[in-house]
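All remarks here apply to the structure that follows.
Keep in mind that the numbers below use all heavy atoms, side chains included, and drop hydrogens, waters and symmetry copies. All of these numbers come straight from a predicted model, not from anything done at the bench.
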Amino acid sequence: MKKRSITVAAIQTAYGPDLDENIEKTEAFVREAVERGADVVLPSELFQGIYFCTKQDPKWFETAFPVDEHPCVKRLAKLAKKLDVVIPISFFEKDGPRYYNSVALADADGEILGVYRKSHIPDGPGYQEKYYFRPGDTGFKTWKTKRGHIGVGICWDQWYPETARAMAVAGAEVLFYPTAIGSEPYDAALDTHLQWQRAMQGHAVSNAVPIVAANRIGLEDNDGVKQQFYGHSFIADHRGELVESLGAADEGVLVQTFDLALIESYRADWGFFRDRRTDLYAKSIV
């Protein structure tokens, strides 16, 4: 069997209100990951600033830009080309009068292969995203990059097995989830990081595909509304095992290499895709 590998990385850090500082911080972690051999590096969700969806304030719409004008996309795409690395770039997208929570996929030559717009939009205490974002209209996306065929979901998408399955059926060899998740305003002691990890570990098992999840850390203050982000970024293998992980307060980069040919053989052996009953699903899923 011919070996075909991919080395993936996830960034975990705290972000503040200054856009340029956040980009510079992210770029430094990307460089560190590449020095450690990474082919694909995942920053966390909306790393352009604090996670502003903890409350509703129209001022944040001013921080959205079209994909070809967004500072995060422009800077990270340029870095991707310089370092010969793939980067899924999370950003607040403005498309005419429409606003989305999006990812631009920068290939290793710096080309933006396309945009995925977050499909599942939460709306609850501390996560009031429906005020800011329309539900994505791109459908689930995968990309054949210069380093491998990958799929990217965004935060709330990670709770839905349909998202992972759709990307896996479309050929994704590794799934990436940039995230911003932490405490709940009504119960600061509530820590859901184990449920968060287990949901994605389940996607890894049932699709026989590695998972990379990048979360932020730190206490953020959005004009009096405070949120503690719990980190616990991780990389899981195709059997759902956590092969790399960080804690609730660690800054750093996780790096792991996978043999894609071996995983492809393992996936075929288990028969998950062979035994799907698509003729039944439309009748039972609404």
Exercise. With no hydrogens and no angle check, do the side chains of Thr142 and His149 hold a donor and an acceptor under 3.5 Å apart?
Worked result: yes
For this session: Count the heavy atoms belonging to other residues, nucleotides or ligands that lie under 6.0 Å from NZ of Lys130, then report whether that count exceeds 12.
Result: yes
Exercise. For the atom pair CD1 (Ile6) and OG1 (Thr257), what is the distance rounded to the nearest 0.5 Å?
Worked result: 9.5 Å
Exercise. For residues Tyr177 and Thr163, is any side-chain donor paired with an opposing acceptor at under 3.5 Å?
Worked result: no
Exercise. If you measure from the Lys or Arg side-chain nitrogens to the Asp or Glu carboxylate oxygens, is any gap between Lys118 and Glu129 under 4.0 Å?
Worked result: yes
Exercise. So, the side chain of Tyr281 versus the backbone of Arg277: is there a donor-acceptor pair under 3.5 Å, distance only?
Worked result: yes
Problem set entry | Side chain Thr63, main chain Trp60, donor-acceptor under 3.5 Å | yes
Problem set entry | Donor-acceptor contact present, side-chain Gln201 to main-chain Ala236, <3.5 Å | no
Problem set entry | CH2 (Trp270) with more than 12 external heavy atoms under 6.0 Å | no
Exercise. Is there a donor in the side chain of Gln228 and an acceptor in the side chain of Ser183, or the other way round, less than 3.5 Å apart?
Worked result: no
For this session: Flag the pair Lys74 and Glu69 as a salt bridge only when some basic side-chain nitrogen lies within less than 4.0 angstrom of an acidic carboxylate oxygen.
Result: no
Exercise. Could Asp259 and Arg4 be called an ion pair, given the rule that one side-chain N must be under 4.0 Å from one carboxylate O?
Worked result: no
For this session: Using atom types as modelled and distance alone, determine if a side-chain donor or acceptor of Asn101 lies under 3.5 Å from a backbone N or O of Phe92.
Result: no
For this session: Answer with yes or no after comparing the ring centroid distance for Phe61 and Tyr99 against a 6.0 Å cut-off, counting only values under it.
Result: yes
For this session: Could you pull out the closest heavy-atom pair between Ala38 and Ala9, with the gap in Å?
Result: CB-CB, 3.9 Å
For this session: Examine distances only and state if a side-chain atom of Gln12 and a backbone atom of Asp250 form a donor-acceptor pair shorter than 3.5 Å.
Result: yes
Exercise. Would you say the side-chain atoms of Arg165 and Asn207 include a donor-acceptor pair closer than 3.5 Å?
Worked result: yes
Problem set entry | Validation row: Ile181, Tyr51 side chains within 4.5 angstrom (heavy atoms) | no
For this session: Classify the side-chain pair Glu220/Gln227 by whether it contains a donor and acceptor separated by less than 3.5 Å.
Result: no
Counting only pairs under 3.5 Å, give me each side-chain donor-acceptor contact of residues 76-87, with atom names and distances, residues two or more places apart or in other chains.
| residue | atom | partner | partner atom | Å |
| --- | --- | --- | --- | --- |
| Asp84 | OD1 | Arg147 | NH2 | 2.8 |
| Asp84 | OD2 | Arg147 | NH2 | 2.5 |

Exercise. With distance as the sole test, does Asp107 use its side chain to make a donor-acceptor pair with the main-chain N or O of Thr145 at under 3.5 Å?
Worked result: no
Exercise. Salt bridge or not for Lys55 and Asp57, using N-O below 4.0 Å?
Worked result: no
Problem set entry | Asp39 (side chain) donor-acceptor with Val8 (main chain) under 3.5 angstrom | no
Seminar exercise, completed: In short, ring pair (Phe, Tyr, Trp, His ring centres under 6.0 Å) pairs touching residues 236-257 with sequence neighbours left out are His238-Tyr266
Problem set entry | Exercise: identify the closest heavy-atom pair between Phe140 and Ala166 | CD1-CB, 3.5 Å
Below 3.5 Å, can you tabulate the donor-acceptor pairs from side chains in residues 25-32 to any protein atom, sequence neighbours excluded?
| residue | atom | partner | partner atom | Å |
| --- | --- | --- | --- | --- |
| Lys25 | NZ | Thr13 | OG1 | 3.1 |
| Lys25 | NZ | Ala14 | O | 2.9 |
| Lys25 | NZ | Glu251 | OE2 | 2.9 |
| Thr26 | OG1 | Tyr15 | OH | 2.9 |
| Thr26 | OG1 | Asn22 | O | 2.8 |
| Glu27 | OE1 | Arg75 | NH2 | 3.1 |
| Glu27 | OE2 | Arg75 | NE | 3.2 |

Problem set entry | Donor on one side chain, acceptor on other, His203 and Gln158, under 3.5 Å | no
Exercise. With the threshold set at 4.0 Å, does a side-chain nitrogen-carboxylate oxygen contact exist between Arg117 and Asp95?
Worked result: yes
Problem set entry | Minimal non-hydrogen separation, Ser44 against Asn215, with atom names | CB-C, 3.9 Å
For this session: For Glu45 and Phe47, run side-chain contact (heavy atoms from CB on, under 4.5 Å): C-alpha distance rounded to whole Å, both residues' side-chain angles, the deciding distance at 0.1 Å, then the answer.
Result: CA-CA 6 Å; Glu45 181 185 20; Phe47 64 87; over 6 Å; no
